[in-house]
Amino acid sequence: MAASPDLPDLEALMIELVQLEQRERELSGLRGKLHVRLDGFPNEVTERQERQLSGERRDVHRRIDELRAKLAPIRLRLEKDA
């Protein structure tokens with residue numbers, strides 16, 4: 001049976017969420033290292049890298065929040081039916 005075009009592809013959403021959560025952990029680790037570097041030797045290049053990384057991290061967080069909001073009702077339904 002084919003999925004309805006009106007319904008989201010749950011498997012794809014879950015995969016994207018897991019991948020974004022992993023990317024967020026990577027970005028947070030890199031950002032932490034940049035902060036240590038900035039604390040010890042502040043410079044324009046590292047500051048620019050930190051701003052770019054922080055921007056990407058914000059975008060990833062925004063998408064994670066969107067996915068969690070889409071998946072929340074489905075998770076609640078599955079827990080209720082279990």
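Quick note: numbers below take in every heavy atom, side chains included, and nothing from hydrogens, waters or symmetry partners.
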Which value, rounded to the nearest 0.5 Å, describes the distance between [X] atom [atom1] and [Y] atom [atom2]?
X     : Y     : atom1 : atom2 : value
His35 : Leu30 : NE2   : CG    : 11.0 Å
Glu66 : Leu17 : CD    : CG    : 11.5 Å
Leu53 : Arg58 : CG    : CZ    : 10.0 Å
Ser28 : His61 : OG    : NE2   : 5.5 Å

Within one Ile-Leu-Val-Met-Phe-Trp-Tyr cluster: Met14 and Leu67, side-chain cutoff 4.5 Å
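Linked, Met14 and Leu67 end up in one cluster.
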Treat each ILVMFWY residue as a node, draw an edge where side-chain heavy atoms are under 4.5 Å apart, and state whether Ile74 and Leu13 are in one component.
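Yes; Leu13 is reachable from Ile74 via cluster members.
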Summary of salt bridge (charged side-chain N to carboxylate O under 4.0 Å, His left out) pairs that have at least one residue in residues 38-55, sequence neighbours excluded
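Salt bridge (charged side-chain N to carboxylate O under 4.0 Å, His left out) check on residues 38-55 returns Arg31-Glu50.
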Applying side chain to side chain contact (heavy atoms under 4.5 Å, CB included) to Arg57 and Arg23, what does each step give before you reach the verdict?
CA-CA 8 Å; Arg57 188 170 169 264; Arg23 181 65 181 149; over 6 Å; no
Taking only residues two or more places apart in sequence or in another chain, which ones pass salt bridge (charged side-chain N to carboxylate O under 4.0 Å, His left out) with Arg68?
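In terms of salt bridge (charged side-chain N to carboxylate O under 4.0 Å, His left out), with neighbours along the sequence ignored, Arg68 is linked to Glu21.
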Quick check: closest heavy atoms across Pro73 and Ala69, and the distance to 0.1 Å?
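Closest approach of Pro73 to Ala69: CD-O, 3.3 Å.
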Of all the heavy-atom pairs spanning Val60 and Leu20, show the shortest one and how long it is.
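Smallest interatomic distance, heavy atoms only, reads CG1-O, 3.5 Å.
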May I ask you to decide whether Arg62 forms a salt bridge with Asp59, counting only side-chain N to carboxylate O separations under 4.0 Å?
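Here Arg62 pairs with Asp59 in a salt bridge, since their nearest N and O are under 4.0 Å apart.
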Counting only N and O atoms by type, is there a donor-acceptor contact under 3.5 Å from the side chain of Thr46 to the main-chain atoms of Pro42?
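Checked: no pair found.
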List the steps, then state whether side chain to side chain contact (heavy atoms under 4.5 Å, CB included) holds for Leu71 with Leu10.
CA-CA 8 Å; Leu71 292 168; Leu10 298 180; 4.2 Å; yes
